[in-house]
2 protein chains.
Amino acid sequence: MARKSASGRIGIADVAVKAGVSHATVSRVMNGNFTVDPDIAARVRAAAAELKYQPNPVGRSLALGKTDTIGIVVPDLANPTFQAILRGLSRAAAEDGYRVLIADSFEVSSEESILAGEARRRCDGLVLCAPRMSDAELEEIAPSLHPLVLINRTTAAPHVPSLVVDYGQGVQDIAGHLVELGHTRLAFLAGPPRSASNEMRLKGLETFKAAHPEVQVTMLEGGSDFDTGHEAVDAVLASGATGILAFNDLVAMGLMSGLHERGLDVPGDISVTGFDDIPFAKYTTPALTTGAVPITELGEQAWHQLRALIRKEEDGTPGGRYHPRLEVRASTGPAKAPRSTVHG
Amino acid sequence: MARKSASGRIGIADVAVKAGVSHATVSRVMNGNFTVDPDIAARVRAAAAELKYQPNPVGRSLALGKTDTIGIVVPDLANPTFQAILRGLSRAAAEDGYRVLIADSFEVSSEESILAGEARRRCDGLVLCAPRMSDAELEEIAPSLHPLVLINRTTAAPHVPSLVVDYGQGVQDIAGHLVELGHTRLAFLAGPPRSASNEMRLKGLETFKAAHPEVQVTMLEGGSDFDTGHEAVDAVLASGATGILAFNDLVAMGLMSGLHERGLDVPGDISVTGFDDIPFAKYTTPALTTGAVPITELGEQAWHQLRALIRKEEDGTPGGRYHPRLEVRASTGPAKAPRSTVHG
DNA sequence: GCAAAGCGAGAAAGCGTTTTCTCGCTAGTT
DNA sequence: AACTAGCGAGAAAACGCTTTCTCGCTTTGC
């Protein structure tokens, strides 16, 4: 008869009395400590099995000072990019017996610091994706979040690896591809104004413009989702550009959808490119030319970096840099002669 | 000067000595207990702020017997359906101050029980999506997982709400829609063999066939992802069907992509339908006709059910049933005359 | 045959909170 | 003025586990 502990759940004490040993011995057996007499160990194991005893992880965490859990802060779980990072992170962490706690900030960057702090205290480490957080704030909280791995951000705080995608280079590659196809009027459908990765794209475009003075590049306001792209049709057409670099694949898909509704042909009339290479990108019609980022792998790497930090391994590489690979598909093609434009 | 506790982090004891009071008083102040003298409370708060004290959630969880965390077990985080459930769940739970721990079983259903148990012990409740788990296994573990909410599964265990989508009805609605368009030869591109929701679809189709003996319905083996749909093109064409019910939107998209490559027109030659209405469904070309399931809302409801269980509210409704809404878009159209087929 | 060494298991002290219990002090009542 | 009621805050127990410390037993070596 199992004497249930106060909480109603079976605890180590119940196993101890059933096996006629002390708590300590039960703990030793459960943790594979071999200094226990085999007979007693067997008795304990039998008792544990009979009572279906499962150690309480909270008590364990308190005693051990670790939770075997890591946290990830994302700005928007609806975004396929962060879904992919989460997926890679979760899979890699699971292989090492770690679980993942998610904290979705729902794009309210003011809450991000608090959210990150709370998540961190429940976990052994944190992966932070906070594209909208100000640099100042990031610098301020980074030290208190250690072990910490940053995605697409950097900090001066020591021992904080950053995994960053070279959006600047990627955008240049894409622009180069369009120019090779004969496009001389490009437009960049920008991301959210305070996005760090958008900044990187803008810097890349500046570099590109400097190297290609003959190409006209129009900057258009945008966002990061379908609707943004869909609503941008008018602005895109007004720009007179024939090659459009959308902030990401979502925006590109929205744009293509909008262009389609207007009866325009992609890439016949206008070439459209995305960024990220989300799983759906190759299934759009036409299939989307994009800057492919190994996003899932990025999540996986985030875990490896974090693991090194948690294990206090000194030899961990201090982050990593990912170069997007230009993935040419069917949404880009040769430029046709410039159309007449509204402001031309 | 903060006397750091052994662990290196600042604890309640540090605040206590700094404020010149006992641990108990600090705890009282931090929890808004008003039996503390305002002057002392202020002193404690000042000390806490100065030391940047943040209560350790693990110690708190042990004392309180709750973690303010819930778990969700999903078979595949790459699947947009589960991403949407997770999103809805996470958002709703966050509003009540709960966090979400994810456990991805990566489709290895043999691990699901263990995974679910482990996740449950770290949390105050669990949401279980386990479409491939056998009924017997589900019945066995369900009681030990309480508080538990099931998605698209039911169990005889008491106090286990189920949120189920009526795929059977949905599939009948879709088939009916195709028949109205004049299709008399349909094919069902089935989901994974042991999927519970696939069973529901099959049952629905049986009902449909009984009511429409004049319609020929071919069953085709399938799966649940893009590639499954893409690879099914030959089988679909061989069936001679003009109206295809794909297991879900992903499969439908893969199929449309494959048909497109073969130079076939959707819906001119073949009508294709999906299921779920994932965010991308309306952006495919042609836009996908599908059975729309309010998936995010389902995640949200899962939290509400779970919350009622956690709070031991007796009046909680015992689950819910969702009826897919037929979302007619451009991937379905009038049937053309039957083509010649390979067999029959 | 006795002392020292070694080993196995129980007692107890943490881990960082919350909460009950207790006690001392103040105020209020007759 | 004395006694009680009430209240505020410290001491200590509890949450469930791990781990060090300690002690008693057995074994080994001289």
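Only a predicted model underlies this, so the values are computations on that prediction, with no experimental measurement involved. In what follows, chains carry the letters A, B, and so on, assigned in the order in which the sequence lines appear, proteins first and then strands, with residues in each chain numbered from 1.
If you check C:dG8, D:dT18, C:dT18 against the side chain of B:Arg60, the one that comes closest is C:dT18. The side chain of B:Tyr53 has C:dT17 as its nearest neighbour among C:dT17, D:dG8, C:dA9. Between D:dG8, D:dT18, C:dT17, one nucleotide has an atom nearer to the side chain of A:Ile12 than all others, and that is D:dT18. Taking every side-chain heavy atom of B:Asp37 into account, D:dG8 is the closest of D:dG8, C:dT17, C:dG10. Comparing atom distances between the A:Val36 side chain and each of C:dA9, D:dG10, D:dC17 picks out C:dA9 as nearest. Residue A:Leu64 has its side chain nearest to D:dT18 when only D:dT18, D:dG10, C:dT18 are considered. Of the candidates D:dT18, D:dA11, D:dG8, D:dA11 carries the atom nearest the B:Ala24 side chain, counting heavy atoms from C-beta on. Among the nucleotides C:dT18, C:dT17, D:dG8, the one closest to the side chain of B:Asn56 is C:dT17. Comparing C:dG10, D:dG8, C:dT19 by their closest approach to the side chain of B:Ser27 singles out C:dT19. Taking every side-chain heavy atom of B:Arg28 into account, D:dG10 is the closest of C:dA9, C:dT17, D:dG10.
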B:Met133/B:Arg153 under side-chain contact (heavy atoms from CB on, under 4.5 Å): CA gap, chis, key distance, verdict: CA-CA 10 Å; B:Met133 184 183 287; B:Arg153 296 295 296 259; 4.1 Å; yes
Yes or no on side-chain contact (heavy atoms from CB on, under 4.5 Å) for A:Tyr322 and A:Glu297, after CA distance, side-chain angles and deciding distance? CA-CA 10 Å; A:Tyr322 290 81; A:Glu297 186 190 326; 3.7 Å; yes
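C:dT17 atom C1' lies 13 Å from atom CZ of A:Arg122, rounded to whole Å. Atom-to-atom, CG of A:Asn33 to P of C:dG10 comes out at 13 Å; the value is rounded to the nearest Å. Rounded to an integer number of Å, the gap from B:Ile40 CD1 to D:dC7 C1' is 12 Å. Spacing between atom NE2 of B:His23 and atom P of D:dC15 amounts to 18 Å, rounded to whole angstrom units. What separates CE of A:Met30 from P of D:dC17 is a distance of 9 Å, to the nearest Å. When the C1' atom of C:dG16 is taken as reference, atom CD of B:Gln54 falls 14 Å away, rounded to whole Å. Straight-line distance from the CZ atom of A:Phe34 to the P atom of C:dC7: 16 Å, rounded to whole Å. Summarising the geometry, the separation between CZ on A:Arg9 and P on D:dC15 is reported as 14 Å, rounded to the nearest angstrom.
Side-chain N or O atoms of B:Asp76 include one that pairs as donor or acceptor with a backbone N or O of B:Ala78 at under 3.5 Å. For the pair B:Arg60 (side chain) and B:Ala63 (backbone), a donor-acceptor distance under 3.5 Å is absent.
Side-chain N/O atoms of B:Ser22 include none lying less than 4.0 angstrom from OP1 or OP2 on D:dA9.
Residues B:Leu306 and B:Leu89 fail the side-chain proximity criterion, which asks for heavy atoms closer than 4.5 Å.
Backbone-only contact: A:Val21 has heavy atoms under 4.0 Å from sugar-phosphate atoms and none from a base.
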